[in-house]
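What follows is a set of notes on a single structure, which appears directly below.
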Amino acid sequence: MSLRPNPATAVPEETAKVARAAFPRGCRLMDVRDSLGPVFDDARFARLFSTRGRPAEAPWRLALITLLQFAENLSDRDAADAVRARLDWKYLLALPLDDPGFDSTVLCEFRARLVNGHAEHELLDAVLTVAIARRLVRPLGRQRTDSTHVLTTVKMRSRIYAATEAFRQALNVLAVAAPAWLLGQTRPYWADRYSGHGDWGHAAKARAGRDGHVRELGEDGHHLLAAIWADEAPDWLRRLPAVEILRRIWVQQFYLCDDGVRWRGPAEGYAPSSRFISSPYDPDARYGRKRTTTWVGYKAHLTESCDEGRPRIITHVQTETAPTADGEVTTPAHRALAAKGLLPAQHLVDTGYLDAAPLIEATRDFGVDLVGPTRPDLQWQARRGTGFAAAAFQVDWDAQHVTCPRGAKSSGWTASTEFGWETVKVKFSQADCKPCPNRTDCAGPTASRRVMTLRDRREFEALQGPRKRERTLEFRAVHALRAGVEATLSQGVRRFFGLRRARYVGLAKTRLQHVAIAAAMNLVRIGDWLAGVPIAPTRRSHFGQLVGLAGAT
């Protein structure tokens with residue numbers, strides 16, 4: 001399809017006349033059009049289209065329809081019907097009343113162009129450009145970040161189910177790609193066992209039945225993979241995505257031994273969650289755990305402005321796999337905000353986003369004040385509260401020694417590396433620790449001396465300032481504003497946006513979904529702000545309101 005960028009057209013006179021007669025007081029979409037204009041322009045998406053071929057639908061309209069689709073949680077077919085039938089949509093899109101619309105597949109194709117061209121960010125950037133022009137969001141302000149878990153769209157049951165489905169998917173793909181070759185490798189019972197969609201081993205309740213099922217499954221998969229990698233097999237079979245997924249799952253789930261193919265257990269070790277494939281139908285989805293919540297899918301990180309006297313505008317959204325730590329998102333978020341010219345002066349986060357390395361990078365590379373509580377000391381000395389936690393020791397980096405609360409100085413100072421981190425091992429002398437009356441509280445009931453592990457100097461000193469600041473009343477007042485971002489997550493989850501469940505398969509498409517949701521939320525919020533709709537307060541229970549009123553009187 002080809003595109004010749006054209007400026008967005010004005011609302012047709014007849015459409016405007018009928019719309020104003022139907023909505024004499026206006027409505028949200030009409031107010032957005034009157035206040036913000038078309039929001040998008042074709043030039044943003046010109047690189048995604050060819051210069052030859054059948055003319056494409058105007059990308060600026062498709063982008064707006066995509067945002068409306070996520071704002072109202074509509075399917076492609078429902079969105080295409082709304083373009084034809086709804087008067088407020090025609091007004092926003094500047095369409096004549098007799099416009100026949102388009103086929104719903106156009107929306108799917110437009111999203112594919114955005115994903116393949118890595119242009120999904122244009123949906124949010126265009127709305128942010130309008131917000132900046134209206135001075136609704138500004139650089140060097142105050143922003144806050146939080147995340148929520150996102151469930152994958154595919155069904156998850158068990159490791160056995162994932163392996164069975166991977167084998168079934170490979171057979172189906174090979175049946176289309178190389179039917180003659182596959183018939184020569186198929187075992188007689190495969191048709192009854194793998195042609196359906198049921199988990200034939202699920203009915204085997206006994207342990208022996210399950211073990212027999214997974215052993216046969218492993219041998220079947222190994223037989224097929226060995227045939228694919230045989231010298232006489234066509235080379236292109238190995239490059240099929242379903243075959244590669246099967247190979248990876250078999251490496252993660254099974255192992256070869258003298259007795260044949262065996263199921264991996266705790267003794268043999270599992271692949272880390274960052275690489276473990278939980279479903280062959282969504283190989284990007286990963287297992288995640290946060291406190292008591294476990295899920296398979298992704299994690300969405302939202303950053304929004306929270307300046308007084310301005311609306312809450314989402315400035316950045318980032319989707320990662322479920323096991324990705326929050327701290328790994330801090331610096332990329334600052335880098336993305338810097339590219340948009342929207343770096344905050346103060347960034348409010350929770351403990352997961354704040355550590356020594358993000359603190360150093362935020363200050364050194366971006367000039368951002370990263371505000372949040374540091375990780376607590378979880379060592380038993382700190383939990384006991386007897387005064388011998390690591391924070392009670394005085395560290396002299398220049399002299400390379402540590403002084404304990406009772407005045408004894410360390411006798412050993414050794415630089416080392418643990419798990420890729422530069423650390424310092426500190427040891428105290430047994431001559432000082434053994435006769436100490438507090439040795440049990442400090443080193444432990446069986447230890448003869450105290451041994452400590454410190455971060456390297458730069459990271460150690462980077463954490464001292466935030467740890468002192470978080471004990472002040474000023475910090476509590478400022479950081480209390482961070483909790484407001486949870487209302488944004490709640491709106492994205494509970495309204496119509498569907499933030500917590502992936503619509504599509506794969507990380508790239510899920511990222512597009514979250515960017516579109518963020519842009520749609522911004523469009524709704526800007527429309528409400530310009531219409532004078534106040535920001536809704538945090539919902540409180542009837543009992544909470546009663547107690548609040550009683551306290552006020």
Side-chain angles (χ1 to χ4, degrees), residues 272 325-332 334-335 346-347 349-472 474-475 479:
D326 292 347
E328 299 179 27
V329 177
T330 307
T331 298
H334 289 159
R335 193 177 297 117
Q346 199 171 58
H347 191 180
V349 296
D350 62 11
T351 303
Y353 295 91
L354 188 144
D355 202 359
L359 274 168
I360 294 172
E361 293 167 354
T363 305
R364 180 194 63 200
D365 300 337
F366 305 103
V368 174
D369 181 19
L370 198 61
V371 181
T374 58
R375 298 183 185 276
D377 187 353
L378 300 179
Q379 297 295 325
W380 64 269
Q381 293 95 336
R383 296 199 304 269
R384 183 171 293 183
T386 55
F388 292 93
F393 289 70
Q394 301 296 320
V395 181
D396 190 333
W397 289 93
D398 295 327
Q400 293 189 348
H401 66 71
V402 177
T403 305
C404 80
R406 293 186 61 86
K409 288 183 170 52
S410 60
S411 59
W413 180 286
T414 306
S416 63
T417 303
E418 290 188 0
F419 306 107
W421 298 88
E422 296 182 2
T423 60
V424 174
K425 290 285 188 180
V426 177
K427 297 180 180 179
F428 284 82
S429 172
Q430 293 186 16
D432 292 329
C433 291
K434 274 191 174 182
C436 179
N438 302 108
R439 178 180 59 83
T440 301
D441 293 330
C442 180
T446 60
S448 59
R449 61 179 176 177
R450 178 69 180 266
V451 179
M452 303 174 63
T453 301
L454 306 177
R455 295 172 178 260
D456 76 315
R457 181 172 185 174
R458 187 179 60 170
E459 294 189 354
F460 181 88
E461 293 178 346
L463 289 169
Q464 302 312 304
R467 284 173 175 166
K468 292 180 181 177
R469 179 169 63 176
E470 68 185 54
R471 294 192 291 267
T472 64
E474 179 185 2
F475 170 85
H479 191 258

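Distance check: Asp396 CG to Trp413 CH2 gives 7.5 Å after rounding to the nearest 0.5 Å. Between the CG atom of Asp350 and the NE2 atom of His479 there is a distance of 6.5 Å, given to the nearest 0.5 Å. To the nearest 0.5 angstrom, Arg439 atom CZ is 7.5 Å from Ser448 atom OG. Taking OG1 of Thr386 as the start and CH2 of Trp380 as the end, the distance is 7.0 Å to the nearest 0.5 Å. Between the CG atom of Leu359 and the OH atom of Tyr353 there is a distance of 15.0 Å, given to the nearest 0.5 Å. If you take CD1 on Ile360 and CG on Asp355, they are separated by 9.5 Å, rounding to the nearest 0.5 Å.
Nearest heavy atoms, Ser411 versus Phe428: OG-C, 3.4 Å. Between Arg375 and Gly352, the shortest heavy-atom distance links the atoms NH2-O, 3.8 Å. Of all non-hydrogen atoms in Val395 and Phe460, the two that sit nearest each other are CG2-CZ, 3.7 Å. Residues Arg455 and Val424 approach most closely at O-CG2, 4.4 Å, considering heavy atoms. Minimum heavy-atom separation, His401 to Ser410: CA-OG, 3.3 Å. Residues Leu354 and Val371 share a closest heavy-atom pair of CD1-C, 4.1 Å.
Applying the 6.0 Å contact sphere to CD of Gln400 captures more than 12 heavy atoms from other residues, nucleotides or ligands.
Residues Asn438 and Arg406 are in side-chain contact: their nearest non-hydrogen atoms beyond the backbone lie under 4.5 Å apart. Proximity of Val349 to Thr330: side-chain heavy atoms (C-beta onward) are nowhere separated by under 4.5 Å. Looking only at side-chain heavy atoms (C-beta outward), Thr331 and Phe366 come within less than 4.5 Å of each other.
Judged purely by atom type and a 3.5 angstrom limit, Arg471 uses its side chain to pair as donor or acceptor with the backbone of Arg467. At distances below 3.5 Å, at least one donor-acceptor pair connects side-chain atoms of Thr351 with backbone N or O atoms of Pro373. Between the side chain of Arg450 and the main chain of Val426, no donor-acceptor pair closer than 3.5 Å is present.
Exactly one residue among Arg458, Arg457, Gln464 makes a side chain to side chain donor-acceptor pair (under 3.5 Å) with Glu461. That residue is Arg457.
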Any chance you could lay out the side-chain contact (heavy atoms from CB on, under 4.5 Å) test for Leu454 and Val402, step after step, and finish with the verdict?
CA-CA 10 Å; Leu454 306 177; Val402 177; 4.1 Å; yes
